[in-house]
Number of protein chains: 2
Amino acid sequence: MADKVTIADVARAAGVSRQTVSNVLNTPEVVREETRQRVLDAVEELGYRVNQAARRMRTGRSGLIAIRVDPEHDGINGSVLDRFLHALTESAVQAGYRLLVYTADGDDREIAAFEDLLGAYEPDAFVLTSTHHKDRRTSWLLEQGLPFVTFGRPWSELPALPHPWVDVDGAAGTDAATSHLIAKGHRRIGFIGWPDGSGVGDDRRQGWLRALDRAGLDATGLSRATTDGIADGEAAARDLLAADPAITALVCASDSLALGALHVAREPSPAWRADAGGFVAVTGFDDTAVAKAIGLTSVHQPLAEAAVNCVALLARLFEGQPPGHALLQPSLVVRQSA
Amino acid sequence: MADKVTIADVARAAGVSRQTVSNVLNTPEVVREETRQRVLDAVEELGYRVNQAARRMRTGRSGLIAIRVDPEHDGINGSVLDRFLHALTESAVQAGYRLLVYTADGDDREIAAFEDLLGAYEPDAFVLTSTHHKDRRTSWLLEQGLPFVTFGRPWSELPALPHPWVDVDGAAGTDAATSHLIAKGHRRIGFIGWPDGSGVGDDRRQGWLRALDRAGLDATGLSRATTDGIADGEAAARDLLAADPAITALVCASDSLALGALHVAREPSPAWRADAGGFVAVTGFDDTAVAKAIGLTSVHQPLAEAAVNCVALLARLFEGQPPGHALLQPSLVVRQSA
DNA sequence: AGGCATGATTTGATCGTTCAAGTGAAGGAA
DNA sequence: TTCCTTCACTTGAACGATCAAATCATGCCT
């Protein structure tokens, strides 16, 4: 209610000065143990909480971390970022931060959003998602010397300045999916992914290729590239299966593609059904709600872990340590589809 | 970069005092037109942006609106709130606000989160989602006299103090779905919803009942209540169809339930298939990604509109006007399933 | 004993904005 | 003329915290 407890109130209650209270909270090591305890008790009793506005005015620290939420949803894959947002909210609180969300469409608009936010709310750091080739956002933030971490590794060819990042090893994910299929006896395994040039897409294709190579299986003619979408996945799957009737399994770079592929895989089609002796196996990527719902085997990204790492890397950055990074391992969630 | 433009800089550039600049920005009507223009030019030229921290320290206004993001996802239905979050982020920016997100599990924890946020970040308002019977959050906020709006109408029996709310007319949605089915020739239409007592669930059941009544169709024995989930939906559907072989369509209170029902509806089952002459039609609620993906006819909530209304109602509240509310109409998205 | 470094705490100034009160000029009414 | 209003703008103080510098013991060395 009358929550107007200031640092001066605490000081009075503990019989010390304002600054000592401030020290207890910010640099406890300079305060004598006994005094520290007394102050903490007073803080507790009065229910004191720092006024972030005042602190921020003096220090420039706002206690806020800014993150983008996408204005439009591709429906299925967008939800990965939402789940990441949830996880990040929790991790940030642990570290004493809160999340400020913003929207922006495209790199340049997002940079404009940075400027806007910095002018008005001064977030202490940014968390960038969906990094890509020639990402203007990272270079801009680096130039400005602003702290940030990306969820997604830097895909840039040129080894620009280092910055902290967290990512999930996509290749390991498709590798796991492919290996799983091989273990189940599949020998002709197709891949449906995105056109060359997207870091994430190329990475996922690599994993599939790697697993086939390791098993001594041929990959020629077994890969298709298309834009992300259910219809696109369906078309690519139809194309692949028509071109090579021996195919019995499909590894997809996303759940959207996989869902489309599944439409084809589950419909009885004389051309290949005889060879396959049943349905074509399909795996997706991201373990979205849709995958759970329709029993799609999919690669799961450890988003909570990623969020914790993001915050930890930022904390290290604040302490002046050089930018670190973390590459996390995904896991395969096996369901009916494969 | 050296973004350290203060109100004093602008004042100097425009040849006026600090306060006049402040007035131009906050109460333009008290400033002479000519001066106002001169100040605005200076603002523009210097790229001045108010420092929210300083403003907030003086006024108590933070420019932040707090909203919860759910820590855990039920996978399918959770995404509705995510979509709402996106929409709200955009509407808030239009009105000069930013969104601060937090997590909390249960009413009491959420109230604790309110206190925490108020002490440290002083959000100007809260947006509450998922209102329910005996919602302790709304009563707490009302007691404290804090501004908030709920997305979800107040379901409380006792007409407590009024507060602004926005909601989507769930009954209208199930009514539309049911009417659509009737128009397509269905006569025995079942309903799968949640146990009595949840405002949202009861509301949706009402709509189904209303549509049947209006068409002079019997509803006895056609309703099932279960917890939300795919397996639950499947079980309820199986039960309903077994109990009444004449049923040819199912209206569901959520996409999760509908998805489960769809499993049953699409499998050939001699018991009823002969009567239905095909598959059992199914409709869901929320028009989630899953619905889009699998071609489920579903009731779509106008979330962007809801978000705009939330912000507008808060703005009116800030102006001292009495709490308003808005009941928005959903729309039926017809796909293959019905 | 005197000087000096060290540790623990206090005091004054300050961040950028807005509120409340004040100034000064112009215009009317007495 | 004198006084009072009104309008347009200015000035000092304050919000609550932290920084930088000052104070005051205390212990140690010479």
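To find a chain, count down the sequence lines: A is the first, B the second, and so on, and within it residues start at 1. Just so it is clear, the structure is predicted and the values come from calculations on it, not from any experiment.
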**Prompt:** What's the CG-P distance between B:Asn51 and D:dC15, to the nearest Å?
**Reply:** 18 Å

**Item:** Gap between atoms CZ and P, on A:Arg12 and C:dT11 respectively (whole Å)
**Value:** 13 Å

**Asked** Would you say the side-chain atoms of A:Arg18 pair up with the backbone N or O of A:Val10, donor to acceptor, closer than 3.5 Å?
**Response** no

**Item:** Derivation of the salt bridge (Lys or Arg N to Asp or Glu O under 4.0 Å) call for A:Arg12 and A:Asp9
**Value:** CA-CA 5 Å; A:Arg12 203 172 312 118; A:Asp9 298 325; 3.4 Å; yes

**Message:** Do B:Arg137 and B:Phe148 form a cation-pi contact, if we require the NZ or CZ to be under 6.0 Å from the six-membered ring centre and within 45 degrees of the ring's axis?
**Reply:** no

**Message:** Just N and O in the side chain of B:Arg32: are any of them under 4.0 Å from OP1 or OP2 of D:dC9?
**Reply:** yes

**Residue A:Arg55, side-chain heavy atoms: nucleotide from C:dT10, C:dG16, D:dA17 that is nearest** = D:dA17

**Message:** Does the Lys NZ or Arg CZ of B:Arg68 fall within the cation-pi geometry relative to B:Phe126 - under 6.0 Å from the ring centre and within 45° of the axis?
**Reply:** no

**Asked** Side-chain N or O of A:Thr35 less than 4.0 angstrom from OP1 or OP2 on C:dT9?
**Response** yes

**Message:** Do the side chains of B:Arg36 and B:Glu33 get close enough for a salt bridge, i.e. N-O under 4.0 angstrom?
**Reply:** yes

**Complete:** Between CG of A:Asn23 and P of C:dG7 the distance, given in whole Å, is 14 Å

**Complete:** In whole angstroms, the gap separating C1' of C:dT17 from CZ of B:Arg49 amounts to 17 Å

**Request:** Could you say whether A:Ala53 or B:Glu33 is positioned toward the 5' end of DNA chain D, judged by the nucleotide with the nearest heavy atom to each?
**Result:** B:Glu33

**Asked** Nearest to the side chain of A:Val31 - C:dT10, D:dC19, C:dT9?
**Response** C:dT9

**Asked** Taking atom C1' of D:dC15 as reference, at what distance in whole Å does atom CZ of A:Arg56 sit?
**Response** 14 Å

**Request:** Report yes if at least one side-chain N or O of A:Arg58 is closer than 4.0 Å to OP1 or OP2 of C:dT14; otherwise report no.
**Result:** no

**Request:** Check whether any side-chain N or O of A:Asn26 sits under 4.0 Å from OP1 or OP2 of D:dT18, and answer yes or no.
**Result:** yes

**Message:** What's B:Thr20 touching, base or sugar-phosphate or nothing? Going by heavy atoms closer than 4.0 Å.
**Reply:** base

**Prompt:** Is any side-chain N or O of A:Ser22 closer than 4.0 Å to OP1 or OP2 of D:dT18?
**Reply:** yes

**Message:** Any base atoms under 4.0 Å from B:Arg18, or only sugar-phosphate, or nothing? Heavy atoms, all strands.
**Reply:** base

**Prompt:** Using a cut-off of less than 4.0 Å, is there contact between a side-chain N or O of B:Ser17 and OP1 or OP2 of D:dT10?
**Reply:** yes

**Complete:** To the nearest angstrom, the CG-P distance between A:Leu25 and D:dG16 comes to 16 Å

**Message:** If I take atom OH in residue B:Tyr121 and atom C1' in nucleotide D:dG16, what distance separates them, rounded to the nearest angstrom?
**Reply:** 16 Å

**Asked** In whole angstrom, what separates B:Gln19's CD from D:dT11's P?
**Response** 11 Å

